[in-house]
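One structure below.
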2 protein chains.
Amino acid sequence: MKQLRNTKQRQIVLETVLEHCDHPTADQIYFAVRKKDEKISRGTVYRNLNILSEEGEILHVKVPGVDRFDSRQDLHYHLLCSKCGKLTDLSDPYDPKFDHKIARESGYKISRHRLIFEGICPECQKKEKEQQ
Amino acid sequence: MKQLRNTKQRQIVLETVLEHCDHPTADQIYFAVRKKDEKISRGTVYRNLNILSEEGEILHVKVPGVDRFDSRQDLHYHLLCSKCGKLTDLSDPYDPKFDHKIARESGYKISRHRLIFEGICPECQKKEKEQQ
DNA sequence: ATGGGTGCAAAGTGTTTGCAAGTAT
DNA sequence: ATACTTGCAAACACTTTGCACCCAT
């Protein structure tokens, strides 16, 4: 395993993710990072997001469309608006019993599951009605 | 709504998806389609995969990494090997009760949920052991 | 000093799209 | 005849990577 270093760039990326509670995409983080330091490159932001999520310091949320990042470290479920793309955390607790059950039945070494609900958020529903 | 046409190309794409039971990616379908007709273009295959899944004739399976397509029309859950990328159907039935619950709690108009388990398949586990 | 990290630009991957010509209805 | 579809290539969106230099340890 590599010995990770604590660079200024990595600190800024982590700090920026922690400041957001709205599941930013990598590019949104890149722009927020650039406000703090004009010099940091896209490659560095992407590299550090991958490193930080591998280290478990942030969460890499893989949803249909673009991937997001999350400052929460604990596994949880998501709700995605298929109209506006808004992503929300669900309060229902992550249930590891599912993982055990599937592991037993399939022989896989299960690391986790992802549960994503898709639908139209109240705001977009309202907009749809107004258009008609 | 558009009046869809029944073109030779669309038929070949649908037929090719139905022949596969291993969740092919769009590109795998493109290559299989090309074996039947040298002329069909990538754009046409992608366009038709999107149309067919919007029509509900096939399933667009959105998993981390590359999207896949499935000849099954009914919603179901998946198991993804994070080593080799193999994607398997789970036999557990899709549970619409979850959708109703989340709809009630969130105010979203829920269309579906996606549940994907991630882990290492037995074959890849064996390979990992052999390497050590 | 040394090996991980950075900025930059180029390349990669998977998918969509504009357009003129073709074709199902 | 109409308007949906096609093939083609270019464009797109997002992410990774090769390289020479830099800097945390």
Side-chain angles (χ1 to χ4, degrees), chain A residues 1-17 20 23-55 57-70 80 82 84-85 87, chain B residues 1-17 20 23-55 57-70 80 82 84-85 87:
Chain A
M1 183 107 74
K2 269 191 182 183
Q3 179 55 46
L4 294 184
R5 284 183 190 173
N6 194 21
T7 62
K8 185 169 64 85
Q9 290 87 337
R10 184 163 300 153
Q11 280 172 26
I12 293 181
V13 170
L14 175 56
E15 176 192 309
T16 305
V17 174
H20 281 75
H23 306 84
T25 64
D27 243 48
Q28 289 170 337
I29 294 164
Y30 168 67
F31 285 116
V33 162
R34 287 290 284 224
K35 284 186 187 155
K36 302 182 183 180
D37 184 327
E38 285 283 332
K39 291 283 180 47
I40 298 181
S41 71
R42 228 186 211 89
T44 296
V45 172
Y46 277 85
R47 267 186 295 239
N48 278 314
L49 287 172
N50 286 335
I51 290 172
L52 289 168
S53 58
E54 277 163 26
E55 293 299 303
E57 302 211 49
I58 61 177
L59 220 53
H60 189 164
V61 184
K62 298 176 183 183
V63 291
V66 209
D67 288 1
R68 324 285 191 104
F69 292 86
D70 195 330
L80 176 67
S82 25
C84 67
L87 188 69
Chain B
M1 182 108 74
K2 270 192 182 181
Q3 180 55 47
L4 294 184
R5 284 181 191 172
N6 194 22
T7 62
K8 183 169 67 84
Q9 289 88 339
R10 185 162 300 153
Q11 280 172 26
I12 292 181
V13 170
L14 175 56
E15 176 192 309
T16 305
V17 174
H20 281 73
H23 306 84
T25 65
D27 244 47
Q28 289 171 336
I29 294 164
Y30 168 67
F31 285 116
V33 161
R34 287 291 285 226
K35 285 186 187 155
K36 302 182 182 179
D37 184 327
E38 286 282 331
K39 290 283 178 49
I40 298 182
S41 71
R42 227 186 211 90
T44 296
V45 171
Y46 276 85
R47 268 186 294 238
N48 279 315
L49 287 171
N50 285 334
I51 290 171
L52 289 167
S53 58
E54 277 163 24
E55 294 299 302
E57 303 212 49
I58 61 177
L59 221 52
H60 189 163
V61 183
K62 298 175 182 184
V63 292
V66 209
D67 288 1
R68 324 284 192 105
F69 292 86
D70 194 331
L80 176 68
S82 26
C84 67
L87 187 69

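Each chain gets a letter, A, B and so on, in the order its sequence line appears, and its residues count up from 1.
A/R42 contributes no side-chain N or O that, together with a main-chain N or O of A/Y30, makes up a donor-acceptor pair within less than 3.5 Å. Here the side chain of B/H23 pairs a donor or acceptor atom with the backbone of B/L87 at under 3.5 angstrom.
Of the residues in residues 30-44 of chain B, those with a non-hydrogen atom less than 4.0 angstrom from any atom of DNA chain D are B/K39, B/I40, B/S41, B/T44.
For the residue pair B/V45 and B/A26, the shortest heavy atom distance occurs at CG1-O, 4.2 Å. Here the closest non-hydrogen pair linking A/G85 and A/L80 is O-CD1, 3.6 Å. For the pair A/V63 and A/V66, the tightest heavy-atom approach, listed with the atom from each and the gap, is CG2-O, 3.3 Å. Between B/P64 and A/K62, the shortest heavy-atom contact is CB-CD, 3.4 Å. B/V61 and B/D70 make their closest contact through CG2-CB, 3.8 Å (heavy atoms, listed as atom of the first residue, atom of the second, distance).
Counting to the nearest Å, the P atom of C/dG4 and the CD atom of A/E54 are 15 Å from each other. Protein atom CD of A/E55 is 14 Å distant from nucleotide atom P of C/dG4, rounded to whole Å. We find that CG of B/D27 is positioned 13 Å from C1' of C/dG12, with the value rounded to whole Å. Straight-line distance from the CD atom of A/Q9 to the P atom of D/dC23: 9 Å, rounded to whole Å. Rounded to a whole Å, the CG atom of A/L49 is 13 Å from the C1' atom of D/dC14. A/R68 has its CZ atom 14 Å from the C1' atom of D/dA13, to the nearest Å. Rounded to an integer number of Å, the gap from CD of B/Q28 to P of C/dT15 is 11 Å. Spacing between atom CD1 of B/I51 and atom C1' of C/dT16 amounts to 13 Å, rounded to whole angstrom units.
Two rings, from B/H60 and B/F69, have their centers less than 6.0 Å apart.
Within the 4.0 Å cut-off from OP1 or OP2 of D/dT16, at least one side-chain nitrogen or oxygen of A/N50 is found. Proximity of B/Y46 to the phosphate of C/dT15: a side-chain N or O atom is located under 4.0 Å from OP1 or OP2.
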> B/L14 and B/R10: side chain to side chain contact (heavy atoms under 4.5 Å, CB included), yes or no, with the steps?
Replying inline: CA-CA 6 Å; B/L14 175 56; B/R10 185 162 300 153; 5.6 Å; no
>> side chain to side chain contact (heavy atoms under 4.5 Å, CB included) for A/E15 and A/K36? Distances and angles first, verdict last.
In response: CA-CA 11 Å; A/E15 176 192 309; A/K36 302 182 183 180; 3.0 Å; yes
> Is there a side chain to side chain contact (heavy atoms under 4.5 Å, CB included) between A/T25 and A/Q28 once you walk through the steps?
Replying inline: CA-CA 5 Å; A/T25 64; A/Q28 289 170 337; 3.3 Å; yes
>> Base contacts versus sugar-phosphate-only contacts with protein, heavy atoms under 4.0 Å: please encode nucleotides 19-25 of chain C as B, S and - from 5' to 3'.
In response: ----BBS
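The bend of the helix from C/dA1-D/dT25 to C/dT25-D/dA1, defined by the angle between the axes of its first five and last five pairs, stands at 40° to the nearest 10°.
Note on A/N48: only backbone sugar-phosphate atoms sit closer than 4.0 angstrom, heavy atoms only; bases stay farther off.
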